[in-house]
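Following: one structure in structure tokens, then a few remarks.
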Amino acid sequence: MPLNEYNPSEIEGKWYKKWLESALFTPDPENEKEPFVVVMPPPNVTGSLHIGHALNMTLQDVSVRYKRMRGFNTLWLPGFDHAGIATQWVVTKQLEEKGINKFELGREKFVEKVWEWVPVARNTIKKQIETIGASCDWTRQRFTLDEGFARAVREAFSKLYKEGLIFKAPYIVNWDPKDRTAISDLEVEYKEEKGNLWYIRYPVVDDSGKETGDYIVVATTRPETMLGDTAVAVHPEDKRYKQLIGKRVKLPLAPEKRTTWDGKEVSNLIPVIADDYVDPEYGTGAVKITPAHDPNDFEVGQRHNLPMVIVMDESAVMNENAGRYRGLDRYEARKKIVEDLEKSGLLEKVEEIIHNVGHSQRSGAVVEPYLSVQWFVNTKELSKDAIKVVEEGEIRFIPENWKKTYLNWMYEIRDWCISRQIWWGHRIPVWECKDCGHYNVFSDDIYESIPQKVIFNMYGDTRIGQIFSFQEVKNYLYGQNFNQPDKTNLQFYEKFVFNTQIDQLKDEENLKEFLNKNYIKVPVMNPEGIEEEEKIGFVPHTVFFLYANGFIGKTFDENDVFDAYQKNKNMIRFIYDTVLNGIKKEDILEDKEKLKKWLFDHAYGNCKNGRIFFTEMQERFSIIEDHIRETKYYINLKCEKCHSHNLKQEDDVLDTWFSSALWPFGTLGWPEKTKDLWSFYPTSLLVTGFDIIFFWVARMIMMGMHFMKEKPFGDVYIHALVRDEKGEKMSKTKGNVIDPLDMVEKYGADSLRFTLAALAAQGRDIRLSEKRIEGYKHFANKIWNASKFVLSNFENNRGKVFKDLSALRLSYDDKWILTRLQEVIKSSVKAIEEYRYNDYANGLYDFFWHEYCDWYLEFSKERIYKGTDEEKAAALSTLIYVLDRSMKMLHPVMPFITEEIWQKLPFKDADYLPVAPYPEVDNRLIFEEEKQLIEDLKEMIVSIRNVRADFGIEPSRKLNVYIKPSDQRFMSVIQAMEPSIKLLAKIENLEVSEGMERPPNTVVAVSKKAESYIDIAGTIDIEKELKRQEKILKDIQKSISISEKKLSNENFIKKAPSHVVEKEKSFYEELKQKEEKVKKIIESLREVQTS
RNA sequence: GGGCGGUUAGCUCAGCUGGCCAGAGCACCUCCCUUACAAGGAGGGGGUCAUAGGUUCGAAUCCUAUACCGCCCA
């Protein structure tokens, strides 16, 4: 069936579905073929993909599709990033628009809202990725906050903690006062801003604290932080201040007593200390030291053991340490303080300066260096192997210059602050014991059985609490999974998390039994409808709880109850605090005598101590059982140190990048030793942008080396940033993103992909213009129409087309295009393997358009329309052959149009193009001589066309042309190709002979292998022709002189490589011949002129 | 302040380890609706490759310096 007009939207929709149905992108880990693995950088679930993602996806897909066609067992694993702060930000905004405040909503409800949003964003993005044609394996789709990742994160955290590589410490962090969270160094953006440098006098005091009248002047850009000063530092060798070292100064404006972060009192008389850190040349040579609000000062403070005074709260509002400035915003306080200093004559001067101010990448707020207690990863330790593997070239950066960037950063890596004071993310798996203060870091290692691990993971995930109901567990386990909508969460656990069947949780009965057996039951009473005197209080509930869970037996006395209570006091208190906080606690249980009495009164009045029977008990307590609303279960977590149940999990969540750092192995099943992990780790290639080399790439390498003892990937291709037409960075937060779907709609995914690949030269930013995409749509159209031509002729000549070209009588042009094809196959492979996507795309563009279409197709027409069967067979078979290879080569970059066309071709060697073999060079189809002859023929045709244009002869006018070839060989080519030549050069009559003399009134076109005499049918303007030829001669002679200069240079002959010299020589010869020819023409023209 | 990169045609950019008098797309000019394609065809104009030195037989390509632009880190 012939093709209609090219309409991308008609053909792009259908193929993707078919590919997925045929599972072309789902590799088998047991396959013996060499693997090629790429993990997709997971897009954030914040909105939709921008053009930068499209570039990222396209480049990955080109490499992945290419490798798949080369026969690799190819896996491209897709997924999504929960993107902590970014996603929380998006949802917060959405809620604010509805007038909902997240703090009023509360953590649990807020996180629910985020979970509602995530699939919305996820599905949009997924659809975009599909629309672009990414050949990734959706059956392995993952999420950085899915069940498996939650487990992997806890495992990683716990291991690192136990190895001493994670610690909690007070430290200066970058504090975002708007979002009220710490952020990492990398999340701070510095911008140059105008500011002031205030010079402030600190009065020197004597031993008794009285001002001596001297001052020491310090300079600061942030005067409000002076309230937190605990020293003034000078350089130890600075003569100006030497005598002041050890003395004290009085901190102006500060209250007499301030309190350090850990509750100690600090006076407003602060010491002058000596430290090398101070640059005596800079400012006044004296520096105020604010250890709690400046990173450098913090270090000075550590060295000198200075107290640390925090003067602001989490929102950057001045706190009680600020005395009379308390309650003011930091900038109001700054203003006020400057005013007050001025009034009291303590402000020496003000200088205007330009300085770098740190802003939060996310919220834009000015970052406040702030002392707080945070969790850190000791990256110095982890960086060792991560440095080695890059230094030794085991991991390769492309382009290579990123290696240096990476290493420089790694050499000076700082501890990584991983705690974030937000709600959306992996909650830090640390449970602080409220009784002994011990930090318990739990992973599911504390359980033996898989079902228990599952429940623990659900708990650690905060999907269920430490106290949970059957219903909650059931709903979750049997509910739809986020990654794999056709699976339940339990099935996801089985397949992706534990890699095993979990029968004990499979149906409700088993599940209930499992819970009853393994967890402490907490009866939750229904207080309504109970008579006042029977209302369940703390004591009866506790006794029942102890009884129901077997802490005391069927028979018991006050000793049993007392002991059991004492043993489980923390747990009971915890449970009561959590689920029964309406009930008043009583101290009866703490006192054996009271307890005895109570038991006697309430439970077993007429029975003897220790011998009450169950039935009687039940009679009394039936009232309680009647009022059990439901039974909850309690996860029996205990402090490792004091066994208290009074544990509280950290509220903070982990930096998103902590989980994405595990991406290359977490997605493959780690910490389980799965087949996927075994077969597909380490991965082969990572394609990403340079903006996340530190955030992500470096951390994946560190974590990969640490946990897998092996690099996470071999090659790291760093692509350019796609900028908008103004050259500005597109970013999620700026909102200047371009929706690639618009481009797809207008120009088709193939055109968009081709554009991105063609622009992806290594090392430079891409400034994308829509024009460019439009241009490449024209290319797609060209492919379409050329194919239409080939296919329709094939339809009309089915029997005359052959797969094997060796049996055919190939003509010069067949051999030429086949030779060119081999060369292009070779260069395309080289380009793609070296990640020169632009060369790959442009190489194919040129070949297909300017050789296959512009020349070969045109050459072939004569034989197709008028040739013998034998000639038709050769031409059509070659056309089909080259088209087939071209579609294969173009497929990685233009998957849809190539599939559409290829499916219509004969001799298919696969069901679908994504799994068809990439073309290999066939040495039998290389014909050097014929290739050269056709190149010469092309030049001859162009020279004739040039004459037409120069003389303004319309293409419709056919000319008579006489050709004098320079040798016999070329003459036979002309004869063989005569009809085509006539067609291409629009010639009416063509005469060829070696002894051809220029007929009168003809214009001459000189080419390498021929002189063509063109009868332009009319008297020629001799003047004009002379001028034209003289110009040609001049150009030739200019080249000759350059060439002569080279060849006459002894050193060139001696030192240049021989092939260069040879080339130059033959080039010179050619020029000389041409010069000769042109000279003769000019001569004859002159003769005509004078006669 | 430290580091990295850029400066090539009017615009957007290629040009890999130095080797045919520098290329593409778009834009521009001329001619053409020739049965695959006007989303096309044929032809054309346009650059002392930022500047100044240097290395070399040979430099857009390597080195040094300068200017301007951009990015990253502190």
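So that the names make sense, note that chain A is the first sequence line, chain B the second, and so on, each numbered from 1.
- The side chain of A/Arg836 places no N or O atom within less than 4.0 Å of a non-bridging phosphate oxygen (OP1 or OP2) of B/C16.
- Under the 3.5 Å distance criterion, with hydrogens and angles disregarded, no donor-acceptor pair is assigned to the side chains of A/Asn408 and A/Glu412.
- In this structure, the nucleotide among B/A39, B/G5, B/A74 sitting nearest to the side chain of A/Asn401 is B/G5.
- A salt bridge links A/Glu900 to A/Lys904: at least one charged side-chain nitrogen sits closer than 4.0 Å to a carboxylate oxygen.
- Counting non-hydrogen atoms under 4.0 angstrom, A/Arg772 reaches a base of the nucleic acid.
- B/A24 and B/A50 have their C1' atoms separated by 22 Å, with the value rounded to a whole Å.
- For A/His778, a side-chain nitrogen or oxygen approaches OP1 or OP2 of B/G40 to under 4.0 Å.
- Using a 4.0 Å heavy-atom cutoff across all strands shown, A/Tyr845 reaches sugar-phosphate atoms only and no base atom.
- At a threshold of 4.0 angstrom between heavy atoms, the contacts of A/Val1061 with the nucleic acid are absent.
- Every stem involving RNA chain B, taken as at least 3 paired positions in a row under the Watson-Crick or G-U wobble test at 3.5 Å, is listed here: B:1-7 with B:67-73, B:10-13 with B:23-26, B:28-32 with B:40-44, B:50-54 with B:62-66.
- When each of A/Trp855 and A/Val188 is assigned the nucleotide of RNA chain B with its nearest heavy atom, A/Trp855 is the one assigned upstream, toward the 5' end.
- OP1 or OP2 of B/G2 has not a single side-chain nitrogen or oxygen of A/Asn408 nearer than 4.0 Å.
- Residue A/Arg945 has its side chain nearest to B/G43 when only B/C72, B/G43, B/A39 are considered.
- A/Asn838 comes within 4.0 angstrom of sugar-phosphate atoms only, judged by non-hydrogen atoms across all strands, and of no base.
- There is no side-chain donor-acceptor pair under 3.5 Å between A/Tyr171 and A/Asp415.
- Ring pair A/Tyr776/A/Tyr747: centre-to-centre distance not below 6.0 Å.
- The six-membered or imidazole ring of A/Phe397 lies away from that of A/Trp402, with a centre-to-centre distance of 6.0 Å or more.
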What are the atom names and distances for every N/O pair under 3.5 Å that joins the protein to nucleotides 31-36 of chain B?
| unit_1 | atom_1 | unit_2 | atom_2 | d |
| --- | --- | --- | --- | --- |
| B/A36 | OP1 | A/Lys861 | NZ | 3.4 |
| B/A36 | OP2 | A/Tyr865 | OH | 2.5 |
| B/A36 | O2' | A/Asn785 | OD1 | 3.3 |
| B/A36 | N7 | A/Lys861 | NZ | 3.3 |
| B/A36 | N6 | A/Cys853 | O | 3.4 |
| B/A36 | N6 | A/Glu858 | OE2 | 3.0 |
| B/A36 | N3 | A/Asn785 | O | 3.4 |
| B/A36 | N3 | A/Ala786 | N | 3.2 |

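- Comparing the P positions of B/U61 and B/G15 gives a spacing of 14 Å, expressed to the nearest Å.
- The aromatic rings of A/Phe779 and A/Trp849 sit parallel to each other, their planes meeting at less than 30°, with 60° as the upper class boundary.
- A/Phe694 and A/Trp409 have parallel rings, their planes meeting at less than 30° on a 0 to 90° scale where 60° marks the start of perpendicular.
- A/Glu851 has a carboxylate O that lies under 4.0 Å from a charged side-chain N of A/Arg820, or vice versa, which qualifies the two as a salt bridge.
- Considering only side-chain N and O atoms, A/Trp849 lies under 4.0 angstrom from the phosphate OP1 or OP2 of B/G41.
- Under the 4.5 Å side-chain criterion, counting only non-hydrogen atoms from C-beta, A/Ile783 is in contact with A/Met894.
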